[in-house]
Protein chains: 4
Amino acid sequence: MTLPGPRAQDTGRRPRRHDPDRRVRILDAALDVLVEQGMAGMTHRQVAARADVPLGSVTYHFAGLAELRAQAFTRFVELQTAVFEALFDGVGTREEFVEALVDLVHASPARQRSAVLGFELHLAALRDPGLRVLAEAWTRSSQEVLARFVGAADAARLDALLEGMIMHALLATGPRSREAARAAVAKAVELSGEAGFPRTQGENHVR
Amino acid sequence: MTLPGPRAQDTGRRPRRHDPDRRVRILDAALDVLVEQGMAGMTHRQVAARADVPLGSVTYHFAGLAELRAQAFTRFVELQTAVFEALFDGVGTREEFVEALVDLVHASPARQRSAVLGFELHLAALRDPGLRVLAEAWTRSSQEVLARFVGAADAARLDALLEGMIMHALLATGPRSREAARAAVAKAVELSGEAGFPRTQGENHVR
Amino acid sequence: MTLPGPRAQDTGRRPRRHDPDRRVRILDAALDVLVEQGMAGMTHRQVAARADVPLGSVTYHFAGLAELRAQAFTRFVELQTAVFEALFDGVGTREEFVEALVDLVHASPARQRSAVLGFELHLAALRDPGLRVLAEAWTRSSQEVLARFVGAADAARLDALLEGMIMHALLATGPRSREAARAAVAKAVELSGEAGFPRTQGENHVR
Amino acid sequence: MTLPGPRAQDTGRRPRRHDPDRRVRILDAALDVLVEQGMAGMTHRQVAARADVPLGSVTYHFAGLAELRAQAFTRFVELQTAVFEALFDGVGTREEFVEALVDLVHASPARQRSAVLGFELHLAALRDPGLRVLAEAWTRSSQEVLARFVGAADAARLDALLEGMIMHALLATGPRSREAARAAVAKAVELSGEAGFPRTQGENHVR
DNA sequence: TATGAATGAGGGTTCATTCAT
DNA sequence: GATGAATGAACCCTCATTCAT
């Protein structure tokens with residue numbers, strides 16, 4: 001029965017001065033919390049604890065929770081866009097394209113996080129105009145990448161299919177076979193126009 | 001100075017109607033709130049206000065917010081399953097099938113609500129095992145309906161595509177052409193096996 | 001995810017008609033709850049559940065929580081007075097007297113209950129005039145019993161000692177030796193006047 | 001329709017004083033409320049009102065009602081231990097010892113408060129392990145003080161007697177004669193061993 | 001610049017009590 | 001007579017946000 005002083009929010013009291021990317025650390029922590037606790041669980045306190053940062057630091061760097069949310073999602077989209085780009089980097093043949101898409105869809109622990117964040121963003125965007133703009137830009141940029149390989153209309157269709165498959169993969173309890181995913185993706189790609197595959201099958205291409 | 005007991009109270013005389021289906025009214029109100037405010041906004045107070053019911057009524061009929069959520073989603077799935085069944089009632093040809101799917105996807109004010117609820121359920125299911133069971137059952141039942149017309153694997157693929165298209169439709173700001181949606185759906189159905197279409201194309205069917 | 005109807009307060013729905021001593025069952029249940037949960041935990045619902053009686057039955061038989069409390073304590077005092085009387089029934093010698101007192105003090109599972117209730121009553125009586133009257137009557141009656149064996153002043157002193165020993169026994173974690181209790185009681189009785197012991201030591205007496 | 005987040009708020013501009021010993025003020029207020037309203041009446045709101053502090057201040061400084069209770073009782077025991085020590089400071093003769101004990105027992109408005117708190121602590125300790133530890137430590141320390149004047153066993157007996165007399169004094173409606181209390185205490189002390197009285201009776205002692 | 005003490009609105013939930021059935 | 005549906009008041013607690021330091 002000690003008297004510990006106010007509440008257990010002392011994060012260790014180290015004198016962490018000069019922490020230039022504290023802002024980014026907070027954003028990443030916010031995304032972590034968002035993945036684990038959902039939108040409703042993303043509070044100043046949770047984020048601060050996750051970032052190992054004093055509570056005031058979060059309100060200091062971000063004008064409010066809405067802004068924190070917006071910037072966190074913005075960071076997510078930036079990172080995710082880069083990942084998406086990289087995924088198709090060096091893809092030349094239809095087979096490689098399909099394989100890249102299967103990578104995208106097939107649930108790996110790493111993909112789980114971005115899948116959850118993506119859907120959180122989509123849902124949040126329904127009620128926040130700023131986020132809606134962000135979500136649309138993200139979707140557009142994704143489809144533009146896909147459109148390098150298939151036509152624009154096919155890209156939209158493919159993107160929708162991927163979105164749905166990712167959601168299904170997210171919710172499925174049992175492990176899903178990669179082959180099933182590949183078959184589904186392949187069938188969808190099959191129908192797409194030929195445009196955009198610089199190399200014929202089997203041809204090697206150094207990016 | 002009497003023993004206070006936890007509380008002392010004087011109920012504010014108000015007509016206390018016996019209301020047999022109040023429970024269902026509360027569930028519908030909960031779904032309304034969920035659509036408009038999102039999961040975080042679905043509070044006892046909001047739901048009570050929406051159902052035009054005193055606060056205590058919500059906590060009386062449901063043991064907790066978790067149960068209210070669960071039962072609301074359960075009701076949603078029940079209703080939605082019926083709607084889904086009805087949509088394909090009388091569908092005989094591939095053309096009719098495609099048209100039904102386009103109805104499903106194309107954003108009408110009426111579909112908006114169920115689309116949002118569906119995605120809210122999917123997201124909530126990520127963190128609630130009970131809801132996950134419900135979501136899986138719903139997905140399974142939907143795919144079983146689709147599987148009457150195309151093969152099981154195609155049904156899963158089609159379902160994913162629809163899911164993605166619905167989400168895209170939900171987020172799109174501008175109005176989307178019904179033709180674009182039809183084209184995308186048609187292409188996906190094209191690839192499916194012939195199984196399940198009792199009538200040949202062009203054949204007339206009196207609904 | 002079943003729809004169990006309102007809340008889990010259905011006590012089994014047997015048609016318990018003609019239950020003449022339901023009132024007493026409720027009182028005993030109230031005392032049980034009081035022992036286990038404390039004053040703050042003695043709610044209508046807890047009592048009803050404990051008595052295996054519908055919620056409305058408690059409010060039907062008792063005008064309010066205050067009355068339920070009062071009547072429960074009244075019942076407790078009645079029962080306890082009888083027990084107290086019985087304890088000294090047949091006590092003739094100083095040794096028997098001491099032994100009876102030690103029985104009273106020494107913590108047995110059975111005594112635990114009445115000890116707790118007694119202290120709850122004392123504390124509640126501090127703020128409820130009605131209970132204060134009851135508590136005083138109880139104290140007076142106890143001391144009158146003791147005064148049959150020792151003088152009135154000694155009875156008051158003895159009663160206080162017993163009260164304190166009971167409280168200490170209640171709080172002690174380790175088991176207390178009966179001998180220690182006997183020694184303490186004996187010493188207190190030693191000082192008392194001779195009045196009231198009809199039999200000399202060793203003499204047999206059929207009540 | 002912006003994302004609502006859990007809440008949106010506008011603090012109602014009020015002077016926000018930095019108040020370093022607000023924590024202690026809250027604890028004292030909690031003890032005041034406890035004396036007047038009993039355990040069940042000791043709510044956040046009552047305490048806040050009593051301490052003239054906003055509601056949030058109580059929950060800010062104490063993690064929960066249980067902790068508030070625990071720390072309030074801890075403070076009570078600390079203060080009371082000091083008072084108890086001071087009471088016997090300078091006591092040298094058996095007469096002074098008795099007189100000190102009578103001071104302890106005889107109901108003065110000042111003692112009323114600590115007596116009530118003491119019994120509340122004892123009762124609360126029955127169901128709270130942390131408080132039980134505290135109560136036991138308190139009892140032990142009290143008896144150790146008494147044991148400076150009488151033997152250990154006698155100290156326990158004396159302590160029990162005092163406890164009982166305090167409770168009786170607390171409940172008695174009419175004023176009790178100090179002489180009666182002195183007589184009872186004197187008789188109990190009479191039986192105790194001689195150990196611990198540095199000065200013989202009648203000897204004068206300059207405090 | 002950075003922090004955390006402070007505030008009150010609002011969240012989930014429990015409950016005494018009333019009253020229609 | 002007996003019951004349980006219904007009602008809000010009040011409870012504990014969390015939290016976004018402000019602001020003194």
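Labels below follow one simple rule: chain letters A, B, ... track the order of the sequence lines, proteins then strands, and each chain is numbered from 1.
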Whole angstrom is fine here: how far is it from [atom1] in [X] over to [atom2] in [N]?
X       : N      : atom1 : atom2 : answer
D:Leu65 : F:dC13 : CG    : C1'   : 10 Å
C:Met39 : E:dC15 : CE    : C1'   : 15 Å
D:Phe62 : F:dC11 : CZ    : P     : 18 Å
D:Gln37 : F:dC11 : CD    : C1'   : 15 Å
D:Ile26 : F:dC12 : CD1   : P     : 14 Å
B:Arg23 : F:dA6  : CZ    : P     : 12 Å

Using a cut-off of 4.0 Å on non-hydrogen atoms, how would the nucleic acid contact of B:Leu55 be classed: base, sugar-phosphate, or nothing? base

Select base, sugar-phosphate, or nothing to describe what A:Thr59 touches, counting heavy atoms under 4.0 Å on all strands. base

The residue, D:Gly56 or D:Gln46, whose nearest nucleotide of DNA chain F is more 5′ is D:Gln46

Nearest heavy atom decides the nucleotide; on that basis, is A:Ser57 or B:Ala66 closer to the 5' end of DNA chain E? A:Ser57

Is there a donor-acceptor pair closer than 3.5 Å between any side-chain N or O of C:Thr74 and the backbone N or O of C:Ala70? yes

Ignoring hydrogens and angles, tell me if any N or O in the side chain of C:Arg25 forms a donor-acceptor pair with the backbone of C:Ala51 under 3.5 Å. yes

Can a side-chain donor-acceptor contact be found between D:Arg23 and D:Gln71 if the only test is distance below 3.5 angstrom? yes

With both pairing distances under 3.5 angstrom for Watson-Crick or G-U wobble, and | for a partner in another strand, the correct string for DNA chain F is .||||||||||||||||||||

Between B:His44 and E:dG11, is there a contact of a side-chain N or O with OP1 or OP2 at under 4.0 Å? no

Side chain of C:Tyr60, heavy atoms from C-beta onward: which of F:dC12, E:dT13, F:dT3 has the nearest atom to it? F:dT3

Proximal nucleotide (of F:dC15, E:dA2, F:dC12) relative to the A:His61 side chain: E:dA2

Quick one: the side chain of B:Arg22 and the base of F:dA6, do they pair up donor-acceptor inside 3.5 Å? no

With hydrogens left out and only the distance checked, is there a donor-acceptor pair under 3.5 Å joining B:Arg45's side chain and the base of E:dG12? yes

Using side chain to side chain contact (heavy atoms under 4.5 Å, CB included), reason through C:Asp28 and C:Arg50 one step at a time and then give a plain yes or no. CA-CA 9 Å; C:Asp28 287 334; C:Arg50 183 71 178 216; over 6 Å; no

Should A:Leu27 and A:Phe62 be marked as a side chain to side chain contact (heavy atoms under 4.5 Å, CB included) after you check the CA-CA gap, both sets of side-chain angles, and the distance that decides it? CA-CA 10 Å; A:Leu27 290 178; A:Phe62 302 92; 3.6 Å; yes

For C:Thr59, which residues count as a side-chain contact (heavy atoms from CB on, under 4.5 Å) partner, sequence neighbours excluded? C:His44

D:Arg113: what forms a side chain to side chain donor-acceptor pair (under 3.5 Å) with it, not counting sequence neighbours? D:Asp32

